Amino acid sequence: MSQEPYDHTAVESRWQEAWADASVYRTPDDVDDPTYVLGMYPYPSGKLHMGHVRNYTITDAYARYRRMCGDDVLHPMGWDAFGLPAENAAKERDTNPRDWTFDCIDTMRGQMKSMGFGYDWDREVTTCTPEYYEWNQWLFSRFSDAGLVERREAEVNWCPSCETVLADEQVEGDAELCWRCDTPVEVRDLDQWFLSITEYADELLDAIDDLEGWPNSVRQMQRNWIGRQHGSEVEFVVGEARSASDGRGEGTEPREYGPVTAFTTRLDTIHGATFFALAPDHPISEELAEENDAVRDFVHHEADPDGDEPNGVETGLTATNPVTGEEIPVFVADFVLSDVGTGALMAVPAHDERDYAFATKKDVEIRPVIAPEPGEDVEGDAAGDDVEPTVPDVSEEAFTADGVLVNSGEYDGLDSETARERLTEEIESAAAATQYQLRDWGISRQRYWGTPIPIVHCDDCGPVSVPDEDLPVELPEFINTTGNPLDAAEEWKATTCPECGAAATRETDTMDTFVDSSWYFLRYVSPDLADAPFDLERANDWMPVDQYVGGIEHAVMHLLYSRFFTKVLADEEGLEHREPFTNLLAQGMVQLEGEKMSKSKGNVVSPQRIVDEYGADTARLFMMQAAQPERDFDWSEEGVKSTHRFLARLADLVEGYAAGDVTTADVDADRDTVDEYVANEIDAAVVIAGDEYDDLTFNVALREAQDLVRTLRGYREHAEPHPAVYERGLDAAVRLLAPVAPHLAEELWETLGRDGFVVEADWPSATADRETVDRRRRLVTNTREDVRDIVEVAGIEDPERIDVVVAPDWKYDALEIAIDSDADNLIGELMAEDHIREQGDEAASYGQDLQAEREALSETLSGDDEYAALRAAAWLVEREFDAPVVVERAADADPETARHAEPGRPAIDIVE
């Protein structure tokens, strides 16, 4: 066999054309409940990168596998085509975003086709076309009808470089940088359009537990982002201390700032509140900053919410504890955030780590009011019954657990949960409350390349929705200007009010592009529908997406927004499911020498170069075999070359067989042991690879396929193979590799003389028990390793014969008893069996070994099955050492050799 590289360019172009001509990936509208496989659609940046290739190879391989299993499959592709990068690129090139975007799409579509991705291109969607974004506008109006749209002035995240607003989720890291350009984000007050995602906060959170097909890491990220906390709101009266006159003369009443509401999850600790803290931008803080130099300096120059330790300044004010009447000092502190809770908090240093650090720094009293439950000490160890609560030592750290109240007056002795309930009921200003970290979704963007928000501003009527019949509101021609180009489109802005007919002005904000991606998976169901965003009946049949694949960076933006949209559409439009994605895979990165590939680092590997040099199948196979799909992995040029050589060897095997290098003459129906071994390995590979494809653990599935090919090569080289066994093995190997290396698989399928496309072939059938397969393979592997060790240690250069002796039956029985037994006296239990006791000292010695290794014992094949498995695999040892191998039962072997044989570890004697 030549092992020359096959002509991947000719093979791949041939089959890509054949698939397209036959429309093999088209999903007809009339299929019932297809398996919906989807990769997160890309932003058309110009060229595919390796992250794209990995994502889309995962979905393509799974879609191909499900198709071979007999499923109808929906596997579409589209383009997340709006966004600021296109606008910036157009400005730099003195063109317009539309032309630049569609040029990029053409390039990337061609690259996707060259990779052999099996998409239904008839369902392609492009979000920057009026045919798509009309439905963004229509959905905005439906959300508005449902009371889920609001326009209000709000503090927003503003990127001065991108000149637009960012959602909270688009501000990254402790340094608060823009997710696109890494510019520090500013805070501004602007009129903004919001979608009321907080109305669905509870359902979004509670339903996470049911997303069993999602990674736990993503589910936890969403829980944390929604950030629900159950607690209480309680009022502290803030004002000047009663003893302070501030030089205003006798009889002057201290100034009061009124009751200030604080949110706490630990109202049980209120007796231990020793200071009160306000956020730097709390209204009282801002008022104080105008008249108090120390507060002003802190607020404007010193406050650092992202600092390593909490900091603050005393205000001279006090807050009155509503339970005790005690006046405690008020600080402006940078660890208090205005968008978390109420921007004010009662601080209990003895029972909160952050409050403890601040109180220690500012020399504020630390007063413990919670003790461990009686019967436990501070570390939670048992301390006996009927023990009075012991006040914890808080000289070194806070005690943050629930417990029993102490130093709390009439509430002493109550457990924390009961105390919280009673205090909430009995404090006049207190009320149960729930707080969320999640904020409403600000969708306004002051840019051109996005969906125009369908609102008209009328001096008399205010903001008015554009009627459905006037949608879409299309973008005007691009104007290359600073700021928002839509503000400069005077003719486009001028319109009439849909309600009163007076002159009016169009809204110039466009929608956050995450609106586009919050429902695009529904548009694939009916991409050409002209009178609705999606066909409801078909969506109810085809959705939700069965398998979704994309980067974990979308865990709290795209994925959360998509869930929100789906729930609203279920409530308002009759969608019958409330979650968009049943199963989610967050794929890992493709790295080079341990670092993420990026243009700025100069470590980018071009997918197109790999396709040109080695072929798409090589790139796909290397990427899928390198690691589990959710893991990061390092790109390796040597690994790519090795993969390419493997595919060439497979091609040689099939082409050689087709050319007649294996006889087709009649073969004895009683297959010999070599044929039996290969037949068993074919069955094992088919069953295991199918299980692993089901679980998307492609690297394990492909290892089975590649090991099968290696077995077939050895089979071909060792002896004249049984033609039926050999052909079945080649047939199975081609089909097992077809989801990942589809072009060469099609070529070899045809070479084998099969009808039709392999992409439409059935997944091979086989029967094998994985547990038995694992035991058989472990036996063979261990035996081969033992032979190697003996040859190496003994320095045997040219073995004359290798004897392999299977353990006697009584040892298998003894092992089974040892595994099942929980008796203290295992040897006694073994000796109760006559056929074991008859072995005398040898049984006692083996019993002692079993006793010593009891925790590590595992089941093996039966004696008969071990004998059969070793006889079938003997050719592997013969081929490796060029010596005959004799497999014997213990009764037929030399007694001294047989004495060393154990279940799963046969004895080995090598004759020089």
Side-chain angles (χ1 to χ4, degrees), residues 19 22-41 55-56 58-78 117-125 135 207 210-214 517-550 559 562-585 690-696 698 735 738-739 742 756-763 765:
W19 294 331
S23 299
V24 297
Y25 304 114
R26 183 174 174 274
T27 308
D29 289 340
D30 59 357
V31 302
D32 292 328
D33 192 21
T35 298
Y36 192 168
V37 182
L38 187 62
M40 294 180 185
Y41 65 174
N55 185 334
Y56 302 137
I58 290 169
T59 59
D60 191 55
Y62 186 66
R64 288 174 180 277
Y65 168 69
R66 294 310 318 170
R67 194 176 281 111
M68 293 178 75
C69 290
D71 294 5
D72 290 312
V73 174
L74 174 62
H75 186 219
M77 177 48 65
F117 297 143
Y119 296 124
D120 181 353
W121 285 107
D122 291 344
R123 296 183 180 275
E124 181 180 13
V125 300
W135 301 109
D210 297 326
L211 297 176
E212 296 177 356
W214 286 39
S517 58
S518 293
W519 69 280
Y520 79 107
F521 40 87
L522 283 160
R523 187 65 179 173
Y524 287 132
V525 167
S526 44
D528 300 321
L529 194 64
D531 58 359
F534 52 87
D535 181 288
L536 181 60
E537 182 178 353
R538 198 178 305 155
N540 284 336
D541 181 36
W542 289 14
M543 287 287 292
V545 174
D546 294 284
Q547 183 63 60
Y548 200 37
V549 178
L559 292 171
S562 297
R563 296 181 61 221
F564 167 50
F565 260 61
T566 301
K567 294 178 189 307
V568 174
L569 290 170
D571 288 338
E572 304 299 327
E573 299 299 325
L575 205 59
E576 291 179 355
H577 59 279
R578 303 190 69 83
E579 291 290 345
F581 315 119
T582 301
N583 296 291
L584 172 70
L585 188 151
D691 287 348
E692 301 300 336
Y693 270 118
D694 270 331
D695 292 339
L696 281 78
F698 301 105
R735 283 192 274 179
F757 293 106
V758 72
V759 71
E760 296 177 323
D762 292 336
W763 188 252
S765 60

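Keep in mind the model is a prediction, meaning the values are calculated, not measured. For reference, positions follow the sequence shown, starting with 1.
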task: Walk me through it: do Phe521 and Tyr548 pass the test ring pair (Phe, Tyr, Trp, His ring centres under 6.0 Å)?
output: CA-CA 10 Å; Phe521 40 87; Tyr548 200 37; 7.0 Å; no
message: Could you walk me through whether Trp763 and Tyr693 satisfy the ring pair (Phe, Tyr, Trp, His ring centres under 6.0 Å) test, starting with their C-alpha distance in whole Å, then the side-chain angles of each, then the deciding distance to 0.1 Å, before giving a yes or no?
response: CA-CA 11 Å; Trp763 188 252; Tyr693 270 118; 5.3 Å; yes
- request: Kindly determine whether Ser517 and Tyr41 satisfy side chain to side chain contact (heavy atoms under 4.5 Å, CB included), including the steps that lead there.
  value: CA-CA 8 Å; Ser517 58; Tyr41 65 174; 3.4 Å; yes
- request: Any chance you could lay out the side chain to side chain contact (heavy atoms under 4.5 Å, CB included) test for Val549 and Tyr62, step after step, and finish with the verdict?
  value: CA-CA 11 Å; Val549 178; Tyr62 186 66; over 6 Å; no
field: side chain to side chain contact (heavy atoms under 4.5 Å, CB included) evaluation trace for Leu575 with Leu522
entry: CA-CA 10 Å; Leu575 205 59; Leu522 283 160; 4.1 Å; yes
- request: Apply side chain to side chain contact (heavy atoms under 4.5 Å, CB included) to Phe581 and Thr566, showing your working.
  value: CA-CA 10 Å; Phe581 315 119; Thr566 301; over 6 Å; no
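A salt bridge does not link Arg67 with Asp60: every distance from a Lys NZ or Arg NE/NH1/NH2 to an Asp or Glu carboxylate oxygen is 4.0 Å or more. With respect to the salt-bridge test (charged N to carboxylate O, under 4.0 angstrom), the residues Asp694 and Arg66 qualify. By the 4.0 Å N-to-carboxylate-O rule, Arg735 lies too far from Asp762 to be salt-bridged with it.
Closest approach of Leu529 to Trp135, counting heavy atoms only: O-NE1, 4.2 Å. Looking at every heavy atom in both residues, Ala207 comes nearest to Arg563 through CB-NH2, 3.6 Å. Closest approach of Gly39 to Tyr520, counting heavy atoms only: O-OH, 3.8 Å. Considering every non-hydrogen atom in both Pro34 and Trp542, the closest pair reads CD-CD1, 3.2 Å. In terms of heavy-atom proximity, Leu696 sits nearest to Ile58 at CD2-CG2, 4.3 Å. The two residues Tyr119 and Tyr25 come nearest to each other via the heavy atoms O-CB, 3.6 Å.
Of the inter-residue distances, the one linking Met77 atom CE with Asp120 atom CG reads 12.0 Å to the nearest 0.5 angstrom. Between atom CZ of residue Arg123 and atom CZ of residue Arg523 there is a gap of 11.5 Å, rounded to the nearest 0.5 Å. In this structure, CD on Glu579 lies 10.5 Å from CG on Leu559, to the nearest 0.5 angstrom. The line from CZ of Phe117 to CG of Asn55 is 8.5 Å long, rounded to the nearest 0.5 Å. With rounding to the nearest 0.5 angstrom, the CG atom of Asp541 is 11.5 Å from the CG atom of Leu536. In this structure, Met543 CE and Phe534 CZ are separated by 8.5 Å, a value rounded to the nearest 0.5 Å.
Between the side chains of Asp71 and Thr35, a donor-acceptor pair is found at a separation under 3.5 Å.
Tyr36 meets the ring pair (Phe, Tyr, Trp, His ring centres under 6.0 Å) test with no other residue; sequence neighbours excluded.
Within 6.0 Å of the CD atom in Glu537, the count of heavy atoms belonging to other residues, nucleotides or ligands does not exceed 12.
Between Gln547 and Thr59, every side-chain heavy-atom pair lies at or beyond the 4.5 Å cut-off.
With Asp546 contributing its side chain and Val37 its backbone, the two residues share no donor-acceptor pair below 3.5 Å.
Figure legend: cation-pi geometry between Arg64 and Trp19, with NZ or CZ positioned under 6.0 Å from the six-membered ring centre and within 45° of its axis.
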